[in-house]
2 protein chains.
Amino acid sequence: MNTLAEENYLKAIYHLSLSDANVSTNQIAAALNTKAASVTDMLKKLADKELINYEKYQGVTLTAVGKKIALQIIRKHRLWEYFLVEKLNFKWDEVHEMAEEMEHISSVELIDRLDKFMDYPKHDPHGDPIPDRDGNFKKHELKPIASLAVNEGGIISGVRDHSATFLQYLEKQQLTIGKKITVTEIIDYDHSMILQVEQTTTHISREVAKNLLIVI
Amino acid sequence: MNTLAEENYLKAIYHLSLSDANVSTNQIAAALNTKAASVTDMLKKLADKELINYEKYQGVTLTAVGKKIALQIIRKHRLWEYFLVEKLNFKWDEVHEMAEEMEHISSVELIDRLDKFMDYPKHDPHGDPIPDRDGNFKKHELKPIASLAVNEGGIISGVRDHSATFLQYLEKQQLTIGKKITVTEIIDYDHSMILQVEQTTTHISREVAKNLLIVI
DNA sequence: ATTTATTTTTAGACAAGTCTAAATTTTTTA
DNA sequence: TAAAAAATTTAGACTTGTCTAAAAATAAAT
Ligand SMILES: [Mn+2]
Ligand SMILES: [Mn+2]
Ligand SMILES: [Mn+2]
Ligand SMILES: [Mn+2]
């Protein structure tokens with residue numbers, strides 16, 4: 001089918017195309033920790049396979065086929081993350097690297113049975129939606145806590161930064177998926193926020209508020 | 001650490017060295033579906049890394065380090081096979097190819113937790129022993145049914161041929177791991193055997209009898 | 001509208017792993 | 001024990017994916 005490298009490129013292009021319709025060579029290089037020249041080579045290969053639309057110097061978009069493949073990889077990544085957390089009791093900041101390997105296990109039957117085994121979870125441990133076998137998922141409307149006014153609130157449902165340090169910080173502050181929060185005060189000076197998180201009160205920086213997502 | 005190709009070579013050498021102390025280039029080539037010239041190249045690499053003892057034209061043996069790595073891969077292979085059968089309800093003839101991919105997932109912590117999750121199984125779906133995290137396992141004495149005389153018997157505990165066709169045949173004949181069998185008759189002409197398998201009677205060829213293993 | 005800076009592509013090289021064909025070594029057979 | 005056969009290694013080539021350095025194209029700034 002597709003090589004491991006090809007899969008990683010498709011996935012990176014998919015993620016990047018959520019913010020920018022046309023994904024640039026340098027963006028891909030940064031995402032994959034590689035060099036622009038290497039990316040150009042691979043883009044030619046993916047274009048030959050008709051997995052991306054590529055015109056020199058113009059950046060790329062995924063074709064329908066390319067997008068489908070990317071979503072299958074993301075499905076596998078998120079289902080394995082869910083497995084690692086829910087069945088093997090890993091913490092949400094520990095699973096990403098393992099899932100980066102496991103997402104390349106090829107069997108579709110395997111991933112469908114894993115999905116069933118876990119009773120068809122809809123979101124991974126970080127709140128990201130898990131596509132079904134056809135690549136469909138509903139993206140609920142998430143907004144950063146930073147966009148809230150005083151007395152507004154919602155349920156923590158996702159993160160914009162998946163780094164282990166951020167996730168560990170959130171864990172320590174009890175700011176985990178599913179928790180109900182309300183903004184009780186916004187500090188004028190630095191736009192930091194004081195939150196009511198169930199019984200307790202927490203003070204978070206604007207940086208954190210921008211990367212923590214809720215559904216209202 | 002080691003590449004996927006290196007891991008496959010070490011595993012192949014380990015399996016082959018169970019029958020022959022010194023493993024030959026051609027044996028490895030056959031086991032890995034590759035060419036002798038490719039094997040020679042890889043043997044040099046593995047020897048440089050001190051994972052095998054290699055002298056030109058003389059075949060190879062694993063070093064202690066090489067053997068340890070091979071056993072870790074085998075541990076992973078068999079634990080994943082057990083998972084696929086016991087948790088995801090695959091049949092014993094369906095899991096080998098998937099496990100060939102999964103055995104290369106690198107995390108040791110992952111495999112130890114998987115082991116715990118399944119309550120430390122001692123044997124994989126084909127009756128093969130699962131090494132513990134240190135590579136230890138006890139090899140119980142298995143003998144082929146072909147070596148039995150009339151009225152002798154035992155518990156089916158392993159297979160010598162892991163092919164899907166053989167496993168499917170055994171499944172159909174109810175000749176699965178754990179079943180108690182007794183030889184009721186041996187046909188002089190072709191050495192085929194008539195077995196009592198719990199309530200039923202089955203007639204198996206010498207070919208089959210040689211590849212089906214019991215513990216007495 | 002040029003010049004300058006940035007981005008992207010090309011050119012040429014390299015490592016890993018594989019292959020075929022030819023050379024060499026070992027083993028078998030006569 | 002010398003010739004033939006089989007096994008193994010070497011030589012040279014190819015693919016995938018990567019890199020650096022240089023050239024070309026695009027975007028930004030004067
Ligand atoms: Mn992840
Ligand atoms: Mn995730
Ligand atoms: Mn197997
Ligand atoms: Mn097995």
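So that the names make sense, note that chain A is the first sequence line, chain B the second, and so on, each numbered from 1.
With sequence neighbours left out, the ring-ring contact (aromatic ring centres under 6.0 Å, His included) criterion links His15(A) to no other residue.
In the set dT20(D), dT8(D), dG17(C), the nucleotide with an atom closest to the side chain of Tyr57(B) is dT8(D). Closest to the side chain of Gln58(A), from the set dT26(D), dG17(C), dT20(D), is dT26(D).
A side-chain hydrogen bond (donor to acceptor under 3.5 Å, both in side chains) with Trp92(B) is found for exactly one of His126(B), Glu81(B), Glu171(B), Gln168(B), namely Glu171(B). Partner Ser192(B) forms a side-chain hydrogen bond (donor to acceptor under 3.5 Å, both in side chains) with one of Glu207(B), His203(B), Arg206(B) and no other, that one being His203(B).
Contact annotation for Ala5(A): backbone-only contact, meaning every heavy-atom pair under 4.0 Å involves sugar-phosphate atoms and none involves a base. Residue-level contact check: Ala36(A) touches the bases, meaning some heavy atom is under 4.0 Å from a base atom.
The CG-P distance, from Asn2(A) to dT16(D), rounds to 13 Å in whole Å. The nearest whole Å value for the distance from the CG atom in Leu32(B) to the P atom in dT18(C) is 8 Å. Distance CG (Leu10(B)) to P (dG17(C)): 11 Å, rounded to an integer number of Å. The distance from atom CD of Glu6(B) to atom P of dT18(C) is 10 Å, rounded to the nearest whole Å. Between Lys35(A) atom NZ and dA15(C) atom P there is a gap of 17 Å when expressed in whole angstrom units. Taking atom CE of residue Met1(A) and atom P of nucleotide dT16(D), one finds them 16 Å apart after rounding to whole Å. For the pair Glu55(A) CD and dT9(C) P, the computed distance is 11 Å after rounding to whole Å. In this structure, CD of Glu7(A) is placed 16 Å from P of dT16(D), rounded to the nearest angstrom.
The phosphate of dG17(D) (OP1 or OP2) has no side-chain N or O of Thr34(A) nearer than 4.0 angstrom. Residue Asn26(A) places no side-chain N or O under 4.0 Å from the OP1 or OP2 atom of dT6(C). Considering only side-chain N and O atoms, Thr3(A) lies under 4.0 angstrom from the phosphate OP1 or OP2 of dG17(D). Contact annotation: Tyr54(A) side-chain N/O to dT9(C) OP1/OP2 distance is under 4.0 Å. Considering only side-chain N and O atoms, Tyr9(B) lies under 4.0 angstrom from the phosphate OP1 or OP2 of dT18(C). The phosphate of dT10(D) has OP1 or OP2 within less than 4.0 Å of a side-chain N or O from Lys56(B). A close approach under 4.0 Å does occur between a side-chain nitrogen or oxygen of Ser24(A) and OP1 or OP2 of dT8(C).
Listed by residue number, Thr40(B), Lys44(B) are the residues of residues 40-50 of chain B with a heavy-atom contact under 4.0 Å to DNA chain D.
Lys49(A) NZ: more than 12 foreign heavy atoms inside a 6.0 Å radius. Surrounding CD of Glu50(A) are at most 12 heavy atoms belonging to other residues, nucleotides or ligands under 6.0 Å away. Within 6.0 Å of the NZ atom in Lys143(B), the count of heavy atoms belonging to other residues, nucleotides or ligands does not exceed 12.
If you check the side chains of His77(A) and His96(A), you find a donor sitting under 3.5 Å from an acceptor.
In terms of heavy atoms, Lys68(A) sits closest to Asp134(A) at CE-O, 3.7 Å.
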